[in-house]
Number of protein chains: 2
Amino acid sequence: MSNNGYTGHMEPHEPDLAEVPVTAVLAALADDVRLQIVRALAEGGERSCGTFEFGVSKATRSHHLKVLREAGLTRTRAAGTSRYVRLRRDELDRLYPGLLNALLDPRTPA
Amino acid sequence: MSNNGYTGHMEPHEPDLAEVPVTAVLAALADDVRLQIVRALAEGGERSCGTFEFGVSKATRSHHLKVLREAGLTRTRAAGTSRYVRLRRDELDRLYPGLLNALLDPRTPA
DNA sequence: GGGGATGTTCGACGAATGTCGAACAACGGT
DNA sequence: ACCGTTGTTCGACATTCGTCGAACATCCCC
């Protein structure tokens, strides 16, 4: 019911990184779960949401992925019933050179 | 009264940067006021707490400086009734190369 | 030693955040 | 057309965070 002719998809809120305040980018990265997601994405290339196995519910996982997406850090592609997430590495490295490398460096504490 | 032979100073909680979790470092930087402080310190060298003139009370300013200090980002030296704060730039650049530069770059958004 | 300057600490308060289960939505196969 | 899979959205809840005024501490100077 309530057929408004719009079955679709709209890949929501993927802002240009250059329009996201630095503090928002840093806040997005300042969380253990999200940092693990970023690290996994950095070496994985592209992954479906369900393949992230940390100790949180799927609701929480969805929430974190949303935060990352809205901070301009990831891009999401819908395929069938799955959603594939990837890191916007090029833009990140261009705008914040060294940031990602520092986070991915195995010597970084904790 | 209560002379325990210790009138001092103990410069409180200035952890080694290498022992602070990345997420804590990022969280410390993910705030507008604190980012302004860091930027001011980066070009100022050393400043007394009172010289930071942002739109917050001195209680709030004190709080933010404490967060930065306990994240291992700043060092505080007490001199008379003032306290001088400086950025631990060398350690930061060694452990997170590129991070500070990215934050200080005038092209960084917001 | 009293007074003023500089900072810190102590509640208190509202806003934001991380977390969850349950309900919902969209798709694919059988 | 159903059902299971995958993921999002919706309250709800506890915790954390930023903010303030007021009280306290420490030092310097007269």
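It should be emphasised that the depicted structure is a prediction, and the values quoted were computed from it without experimental measurement.
- A heavy-atom distance below 4.5 Å is not found between the side chains of A/E43 and A/L104.
- Residues B/T60 and B/H64 are in side-chain contact: their nearest non-hydrogen atoms beyond the backbone lie under 4.5 Å apart.
- Side-chain contact between A/L100 and A/L87 is present, with heavy atoms from C-beta onward closer than 4.5 Å.
- In this structure, the NE2 atom of A/H13 is 9 Å from the P atom of D/dT9, given to the nearest Å.
- Checking the phosphate oxygens (OP1, OP2) of D/dG7, a side-chain nitrogen or oxygen of A/S48 falls inside 4.0 Å.
- Scored by the side chain to side chain donor-acceptor pair (under 3.5 Å) test, A/T108 finds A/R39 as partners (sequence neighbours excluded).
- Contact check on A/R88 versus A/E14 returns no salt bridge, with no Lys/Arg side-chain nitrogen under 4.0 Å from an Asp/Glu carboxylate oxygen.
- Scanning both residues, B/E70 and B/P15, for their nearest heavy atoms gives O-CG, 3.3 Å.
- Counting all heavy atoms, side chain and backbone alike, A/P109 lies closest to B/V22 at O-CG2, 2.9 Å.
- Atoms CG (A/L68) and C1' (C/dT17) sit 14 Å apart, rounded to a whole Å.
- Look at CD on B/E70: it is 13 Å from C1' on C/dT9, rounded to the nearest Å.
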- Message: I'd like to know whether A/S48 forms a side-chain hydrogen bond (donor to acceptor under 3.5 Å, both in side chains) with A/T51, so could you lay out the CA-CA distance, the side-chain angles of the two residues, the decisive distance to 0.1 Å, and finally the verdict.
- Response: CA-CA 6 Å; A/S48 99; A/T51 66; 4.6 Å; no

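- Taking a 4.0 Å limit (strictly below) on heavy-atom distances, residues 27-37 of chain A does not reach DNA chain D anywhere.
- Counting to the nearest Å, the P atom of C/dA26 and the CZ atom of A/R77 are 20 Å from each other.
- Only A/K58, A/A59, A/S62, listed by number, bring a heavy atom of residues 51-66 of chain A to less than 4.0 angstrom from any atom of DNA chain D.
- A/A71 and A/A28 get closest at one heavy-atom pair: CB-CB, 3.6 Å.
- Of the two residues near DNA chain C, A/G80 and A/V67, the one whose nearest nucleotide lies more 5' is A/V67.
- Taking atom CZ of residue B/R69 and atom C1' of nucleotide C/dT9, one finds them 12 Å apart after rounding to whole Å.
- With rounding to whole Å, B/R83 atom CZ is found 11 Å from D/dA25 atom C1'.
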